[in-house]
Peer 1: 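Just passing along the structure, written as structure tokens.
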Amino acid sequence: MVATSRPHVNSVISEPLWVRLALIALALVFLGLFLMLPLFVVFAEALRGGIGAYVEAFTEPDALAAIRLTLITAAISVPLNIVFGVAAAWAIAKFDFAGKSLLITFIDLPFSVSPVIAGLIYVLLFGAHGWFGPWLVANDVEIIFAVPGIVIATIFVTFPFVARELIPLMQEQGNEEEEAALSLGAGGWQTFRRVTLPNIKWGLIYGVLLCNARAMGEFGAVSVVSGHIRGETNTMPLHVEILYNEYNFTAAFAIASLLALLALVTLVLKTVLEWRYGAELAAARRL
Amino acid sequence: MRAASPAWFRRPSVLPGFGLTVGISVFYLSLIVLVPLCGLFLKSTGLGWQGFWQAALAPRAVAAYRLSFGAAFFAAAANAVFGLLVAWVMVRYRFPGKRIVDALIDLPFALPTAVAGITLTALYAENGWIGALLAPLGIKVAFTPLGIVIALVFIGLPFVVRTVQPVLQDIDAEVEEAAASLGAGRLQTFRRVILPAVFPAILTGFALAFARGIGEYGSVIFIAGNLPMVSEIAPLLIVIKLEQYDYAGATAIAAFMLLVSFVLLFVINLLQRWNRARYL
């Protein structure tokens with residue numbers, strides 16, 4: 001933490017007080033306008049109609065169905081991405097093999113694909129006019145405009161989160177501890193469970209947190225494959241859109257406020273993890 | 001445990017699980033990402049060379065690209081300036097509530113894009129808190145391309161701040177002291193010493209924000225107005241084509257955008273390598 005205390009020790013490499021204050025003020029005004037005000041507005045708009053209307057927005061059956069679907073989607077996609085993320089991180093961090101950097105690039109790929117395109121690729125595969133469409137129709141399997149499509153699209157957009165967090169962390173920790181465990185007679189699975197897992201615990205939780213936030217909040221990809229059937233294939237973000245387009249602003253912002261709350265909880269947990277385990281996570285946070 | 005037989009393409013190691021974990025990774029990656037993406041490109045080859053470009057470069061599509069790329073560019077540029085300012089203030093100065101502000105910078109990563117979209121629209125609409133202040137000045141934000149830029153500034157801000165922050169933190173005090181002892185003023189030190197050091201990071205953050213802005217959908221469609229040729233972004237055009245069952249048209253636009261994204265991804269990788277090679 002040399003950097004933070006430095007300006008107060010050495011005046012040659014710091015700015016005059018008025019410059020410092022002006023820059024701080026400018027930065028805070030910018031952040032206030034672009035981050036804090038919107039966050040405040042979500043809750044202000046949600047409560048505009050009073051507590052009664054606010055609560056009513058959640059007890060409506062379509063809203064409950066949307067909340068349930070969002071939870072189901074996250075409950076399926078996040079664990080799958082955890083298994084993949086841990087496996088990929090183990091392969092990449094613990095071994096040297098040809099094509100490793102290519103594998104890392106491919107893992108990052110979903111970050112640079114527009115969410116709409118992420119949805120589109122599954123429509124082209126599983127939609128009525130897609131590659132597997134005729135077969136799916138013949139066998140009465142619904143993927144697009146149904147829950148499986150929503151889950152797959154969510155898996156795509158949240159794909160890199162866990163792996164990205166774990167790869168640099170495990171790379172920095174090296175192989176020595178695992179090798180010691182193995183030489184002491186531990187099996188492979190035992191080594192992972194008793195040595196590796198405790199070491200990467202906080203990084204893993206960190207990745208899961210980000211993965212979950214995105215899984216619950218994804219809009220574009222899910223919107224393309226969902227078909228927007230009220231009470232059936234609407235996740236919370238899609239429900240917000242429908243309510244908003246029906247000019248039912250209070251209800252839209254009420255559901256939105258729940259999602260904003262989720263974002264806030266995510267940020268708080270993430271910050272707590274960074275404060276307490278900052279050194280362990282530092283490698284992972286380096287972009 | 002039998003000794004893992006070293007495959008020709010990897011360095012031998014005593015750790016187990018190579019085959020299993022690489023197997024899971026490659027299988028899952030292919031299933032979810034690679035095969036579906038290849039499906040898209042395969043589908044677009046079905047259009048034929050001429051048909052593809054006709055659909056990908058139709059006037060309405062070109063107008064959408066111009067808007068998407070233009071708005072993403074201006075937003076990323078604004079973020080490069082303000083992101084540097086925010087990163088600077090966060091690294092160099094102390095003020096009350098700094099830790100909370102620092103945590104809030106990641107809000108755009110955590111807040112669902114649809115929530116950001118309707119909120120910014122409510123703020124910048126003519127009867128909104130900020131929109132009402134700007135309306136007498138004749139500035140319309142919501143339902144114009146300017147609104148799109150605002151939404152993309154919101155979405156892209158953390159990319160620049162979080163890439164610049166660690167680099168700024170790593171600059172040695174000695175370098176600045178040396179500059180000062182050689183007679184440089186603060187502004188001169190900033191321009192000649194600090195700025196060159198953080199420039200690759202700013203560029204990387206810019207590219208990340210730009211790439212994200214091109215594909216952004218949820219936060220933009222509410223505030224954009226979505227008039228064809230005027231305020232219709234490329235991802236929305238894909239959705240519209242899909243809703244009209246014009247799969248060929250949607251695929252062509254998507255394939256074109258993917259190509260641009262991959263070029264950008266390549267540039268970002270180069271930038272990050274440059275960044276690391278110079279300052280880490």
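Just so we're on the same page: letters track the sequence lines, and every chain starts at 1. Since this is a predicted model, take the numbers as computed values, not measurements.
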Peer 1: Chain B heavy atoms under 4.5 Å from A:Trp275: which part of the residue, side chain, backbone, both or neither?
Peer 2: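 Contact with chain B involves the side chain of A:Trp275 alone.
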Peer 1: Is there any salt bridge (charged side-chain N to carboxylate O under 4.0 Å, His left out) pair reaching into residues 102-114 of chain A, and which pairs are they, with sequence neighbours excluded?
Peer 2: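 Listed once each, the pairs are A:Asp108-A:Arg164.
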Peer 1: If I measure from the heavy atoms of chain A, does B:Thr113 come under 4.5 Å with its side chain, its backbone, both, or neither?
Peer 2: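 Contact with chain A: backbone and side chain both.
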Peer 1: Could you look at A:Ser112 and say if it's the side chain, the backbone, both or neither that has a heavy atom under 4.5 Å from chain B?
Peer 2: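 Both the backbone and the side chain of A:Ser112 come within 4.5 Å of chain B.
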Peer 1: Could you report the tightest heavy-atom contact between B:Tyr217 and A:Gly220, atom names first, then the distance?
Peer 2: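 Scanning both residues, the minimum pair turns out to be CD2-CA, 3.5 Å.
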Peer 1: Counting a contact as any heavy-atom pair under 4.5 Å apart, which residues of residues 255-262 of chain B contact chain A?
Peer 2: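 Answer by number: B:Met257, B:Leu258, B:Ser261, B:Phe262.
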Peer 1: Report yes or no: does B:Tyr93 contribute a side-chain atom to a donor-acceptor pair with the main-chain N or O of A:Leu21 at less than 3.5 Å?
Peer 2: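 No, because the side chain of B:Tyr93 does not come within donor-acceptor range (under 3.5 Å) of the backbone of A:Leu21.
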Peer 1: Of the backbone (N, CA, C, O) and the side chain (C-beta and beyond), which part of A:Leu124 lies under 4.5 Å from a heavy atom of chain B, both, or neither?
Peer 2: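 The side chain, not the backbone.
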Peer 1: List the atom of A:Ala88, the atom of B:Ser25, and the distance in Å for their closest heavy-atom pair.
Peer 2: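 Nearest heavy atoms, A:Ala88 then B:Ser25: CA-OG, 3.1 Å.
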Peer 1: Which heavy-atom pair separates B:Phe154 from A:Phe34 by the least distance, and what is that distance?
Peer 2: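 Closest pair (atom of B:Phe154, atom of A:Phe34, distance): CD1-O, 3.0 Å.
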Peer 1: With sequence neighbours left out, what residues match A:Lys94 under salt bridge (charged side-chain N to carboxylate O under 4.0 Å, His left out)?
Peer 2: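 For A:Lys94 the salt bridge (charged side-chain N to carboxylate O under 4.0 Å, His left out) partners, ignoring immediate neighbours, are A:Glu178.
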Peer 1: If you take all heavy atoms of B:Val22 and A:Ala91, which pair is closest and at what distance?
Peer 2: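 Closest heavy-atom pair between B:Val22 and A:Ala91: CG2-CB, 3.6 Å.
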Peer 1: So which atom in B:Ala122 and which in A:Val41 form the shortest heavy-atom distance, rounded to 0.1 Å?
Peer 2: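 Here B:Ala122 and A:Val41 meet closest at CB-CG1, 4.5 Å.
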Peer 1: Which bit of A:Tyr244 is near chain B, if near means a heavy-atom gap under 4.5 Å: side chain, backbone, both or neither?
Peer 2: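 When you check distances to chain B, only side chain atoms of A:Tyr244 fall under 4.5 Å.
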Peer 1: With side chains defined as the heavy atoms from C-beta onward, is the minimum distance between A:Glu15 and B:Phe190 less than 4.5 Å?
Peer 2: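 They are not in contact (no side-chain heavy atoms under 4.5 Å apart), so the answer is no.
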Peer 1: Return the set of residues passing salt bridge (charged side-chain N to carboxylate O under 4.0 Å, His left out) with B:Asp102 (not counting sequence neighbours), or none when no residue passes.
Peer 2: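 Testing B:Asp102 for salt bridge (charged side-chain N to carboxylate O under 4.0 Å, His left out), a comparison that skips the adjacent residues, returns B:Arg162.
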